Student: 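Got a structure here, written out as structure tokens. Questions coming.
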Amino acid sequence: MSLLRGLLGMELIGISVRLFLDFQEKPASLDSALILDVPLGVISRIEKMGGATSRGENSYGLDITCKDMRNLRFALKQEGHSRRDMFEILTRYAFPLAHSLPIFAFLNEEKFDVDGWMVYNPVEEYRRQGLPNHHWRITFINKCYELCDTYPALLVVPYRASDDDLRRVATFRSRNRIPVLSWIHPENKTVIVRCSQPLVGMSGKRNKDDEKYLDVIRETNRQINKLTIYDARPNVNAVANKATGGGYESDDAYHNAELFFLDIHNIHVMRESLKKVKDIVYPNVEESHWLSSLESTHWLEHIKLVLTGAIQVADRVSSGKSSVVVHCSDGWDRTAQLTSLAMLMLDSYYRSIEGFEILVQKEWISFGHKFASRIGHGDKNHADADRSPIFLQFIDCVWQMSKQFPTAFEFNERFLIVILDHLYSCRFGTFLYNCESAREKQKVTERTVSLWSLINSNKDKFKNPFYTKEINRVLYPVASMRHLELWVNYYIRWNPRIKQQQPNPVEQRYMELLALRDEYIKRLEELQLANSPKLSDPSTSPSSPSQMVPHVQTHF
Amino acid sequence: MEFSELIRTGQAQAELLRGPEMPPLRGTLCVTGHHLLLSPGPQATPDLWLLLLRSVDSIEKRVAGDAGTITLRCKDLRVLQLDIEGVEATLDIARSIEALSSLESVITSFPFFYRPKGLRLGESWHFHPPERYYKRVARETRAWRLSEANEDFSLCPSYPRAVIVPRTVDDDALARSARFRQGGRFPVLSYYHAPSGTVLLRSSQPLTGPQKRRCAEDEELLQAVLAGARPGARGFIVDTRSAQAAKQARMTGGGTEAKSAYPGWKRLHRPLERGRPLQESFVHLVEACGDLEQSMDRWLSRLDGCHWLSHVKAALSTACLAAQGMEWEGACILVHGAEGTDSTLLVTSLAQLILDPLSRTMAGFQELIEREWIQHEAPIFLLFLDCVWQLGRQFPLSLEFGEGMLLALFDHSYASPFGTFLCNSEKERCLCEVRTRTHSLWSGLNQPKEQRKLRNPLYAPNPLAIWPSVEPQSLRLWQGLFLRWTHPPEPSEVAWEKVWQIATDQEKTEGSQPTDSASEPQP
């Protein structure tokens, strides 16, 4: 890690802290003061190191731990007590919740050409899926969040289940998160349904309404007489959950269902795994036995299990022609990963920029992935056991898919990184709070800007030039360790020794080629107009642009 | 010798399994002098499947009941399985393959019989004669001259007839220096770096022996190199062995340059693996990649345990060191290990790719290979190709050729209908009349129909040096090669094809022919 020496200054600019370093000895590679803009929201922890009597170089100063895989350490001079002020200001603004200050997004007055809050409209999204139909209906039973306070207002449920049925089922599902439709297959009409675990408990309780309800879901699909239930957890964890009132669907109670465990570990395991990744990449990359160290973090193994689970869900729905119920414990972490990844594999619409925004908005934000608890926006309690990189893991899986299918996604790597940066930055309201009801209470859509406003008003920056739109292509990524990679451009981007190739030269070159081609086509058309005034039917003319350039229409 | 003596059977009915992603082929199997043929009948696609017998690395046979199975492991890492009707037929075919695939003789090999339509014999051997490069350097600098001292290969059988040496050193001195270097490989110019006026040299180790012998002419030669660069120029000798190993080499007559004998030159030791350890590393990696049953939980540590990527890293870092010495320090560089034929060539050729934009063109790369590489079978050549692949991955626009070119070179280096990679030295090549009796690989690859697979559609000439990152997380397993037969490479090929479409659409609208510098006849 390189050491830079100089005078440290700090300025709060809007939602970022701008740290600048005026050099006493300027390193050759930098020609002016170093300016580091760190969004305050990214800061996880601020610590003073050393005391007034500390001796030795760099023993006194501030340590800033960030949520995005980097740490900053500022060695200060003891004289002047500048550290105390700096520490207090930083703490105050980095952790506004502890100081009864508003989160930055509420102070952000940025204006964009597009309103990102308009991107997701649940009714329109369900209509796009062909819903309601004669098996599935849209219900407003949760309009005031009375059925389930962590679910969205609008839900899709079996036509044959009455609102009273739903209320009774809710009593048997953890946090009342009843099975509801996430996605329906456009042709075979099989569905992906999500929920939380059933409240079976130690005594093995049963609930006729829940059993009947799952059977009603099964019956909406006549191709196969079994319903498939994927429990995302390892078998032992599901059993252990009985001790706290949870559990899983037993064969006895649910005759017509087959249950599979997907062996994905819980939020605590994922958090510890990512911590290990950070240990091997920051501040120094573990050089000897790099691959073995990487293996010992188990991060890629977890990625593999999540992807494998999602592939199973997608395959069951698409080739197995069976409807699928997915749950974990509460149905807001692993369940969201599985349903959204499976939907990404099955439905090419979600691979467009707007489609992906809708997917995130729907499966993650509206269905109550606890972003506030998992990320700890504005909260100083850095060691909170509720924090976990579940959404990051999902984005990593998406990145792995985009590596394996370079033409299938409309968005590029930068799009994914920007989403992750603003997952922490608190500049936008998109990822604030744990659920829709809380967001509504805080009037987030009125009082903050959406991340999608930023992205959609600069769409070109986030486009993958290789994208080829293909309707109905199901993607099955290879979830083998051989084909998974550490996302170096994200996890190791702060390492000064990693050369950043920004912007991606391939994309840039490709854009150049496209632009050149367009220019030539235009010129050719002009020439043809000028040369052959009597050009009659372009389809019979051998020199017509549509034949000379056979693929013009298919790109973009 | 007649091939027919080695062919034990005419033909048999067989089914060929070509890996998990390919449908099996059924048909008539037949062994010829150079090929294994399977003809599935006129309706099938492909209507004929051919395998060059030289590409068979090992063969296993098993018989049960009245049928047999032959498993062929090929040098291009493919594993093929043939299920054959009849026990006798199986054994006969296996024996024929064993005998024919292990033939040592060069002049009975397939390139001497291969006469494709559209190619004229002798054509394109003139594409990349090393002399042309040497003449250019001699023209551009006043300090170097072309010498024909090796015209009859008496100085060094593994050097070409023409070599380039300091102008102030005469042919007699060269002969003495050659006697002081293993295999006669005295220091010769490998690359002239015009921006700094410095040169990259290669040689074999000096034969100092336990008595620490010296050779005045050899010392004079290296002195002349520095004097020719500029007054006061320094030099670095990059020894690709450890200091310990270099010292030990004295016991067997070799050694390394004594500091006092070569003023102005500083020795650096950068040990690179070669020979057996490299071969083992390669074998382990191939095993790991081909082992589909193995639990994948330990994949990364197994990959780590193969050490292949550490060899890639070591080769690239040493090449960077040599290149930095020239570009940043304005120093002359001499690279050698022991024989100066394996890791030495790896370092000199990679350093050129880093520094020289011309060597990154299709034609320049072919010329570089012609000039630098004399033996291609060892995994050291594959290591070179892997390093080039890493460069291409890190600088996706800077190489005119793509992964397809590297794969083609890998395949042809082991078994090829072309003569380019035959023999281990220029002398042998002359004796076998390779240049007049076989076709050059370049004439095959430079045909327009091959170019789309080989060229990088995104290429944009880059005048700068390309400094690769050699951090472990910047280096990847070359999946396109090592996992080529176990996973369909389709997705990246789809992307590749799409880029080509755009690039060629543009050319079509431009109304020009695809730029095809490599296949243009040279004046």
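Every value quoted in this text rests on a predicted model; they were computed, and no experiment measured them.
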Student: Passes salt bridge (charged side-chain N to carboxylate O under 4.0 Å, His left out), A/E287 versus B/K313? Steps please.
Tutor: CA-CA 11 Å; A/E287 286 229 15; B/K313 179 189 158 92; 3.1 Å; yes
Student: If you draw a 6.0 Å radius around NE2 in B/H269, do more than 12 non-hydrogen atoms from other residues or ligands fall strictly inside?
Tutor: yes
Student: To the nearest 0.5 Å, how far apart are CH2 in A/W290 and CG in B/L300?
Tutor: 10.0 Å
Student: Of all residues at least two apart in sequence or in a different chain, which pass the side chain to side chain contact (heavy atoms under 4.5 Å, CB included) check with B/A465?
Tutor: B/E327, B/L355, B/W467
Student: Got a sec: does the CZ of B/R73 have more than 12 other heavy atoms crowding it under 6.0 Å?
Tutor: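 At most 12 heavy atoms, drawn from other residues, nucleotides or ligands, come within 6.0 Å of this atom.
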Student: Can you measure from CD (B/Q473) to OH (A/Y491) and round to the nearest 0.5 angstrom?
Tutor: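 Interatomic distance, B/Q473 CD to A/Y491 OH, rounded to 0.5 Å: 14.5 Å.
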Student: To the nearest 0.5 Å, tell me how far B/D304 CG sits from A/S293 OG.
Tutor: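 Those atoms lie 7.0 Å apart.
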Student: Return the CG to CZ distance between A/L486 and B/R476, rounded to the nearest 0.5 Å.
Tutor: 8.0 Å
Student: Could you state the interatomic distance from CG (B/L477) to NE2 (A/H483), rounded to the nearest 0.5 Å?
Tutor: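 Interatomic distance, B/L477 CG to A/H483 NE2, rounded to 0.5 Å: 9.0 Å.
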Student: For B/W299, is there any backbone N or O sitting under 3.5 Å from a side-chain donor or acceptor partner on A/R482?
Tutor: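 Pair absent, no side-chain N/O of A/R482 close to backbone of B/W299.
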Student: So, using side chain to side chain contact (heavy atoms under 4.5 Å, CB included) as the criterion, who are the partners of B/D76 when residues are at least two apart?
Tutor: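 B/D76: side chain to side chain contact (heavy atoms under 4.5 Å, CB included) contacts with B/C74, B/R78, B/F410, B/D411, B/R484, B/W485.
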Student: In terms of side-chain geometry, is the basic nitrogen of B/R302 or A/E295 positioned less than 4.0 Å from the acidic oxygen of its partner?
Tutor: no
Student: Please report the interatomic distance OG(B/S310) to CG(A/L291), rounded to the nearest 0.5 Å.
Tutor: 8.5 Å
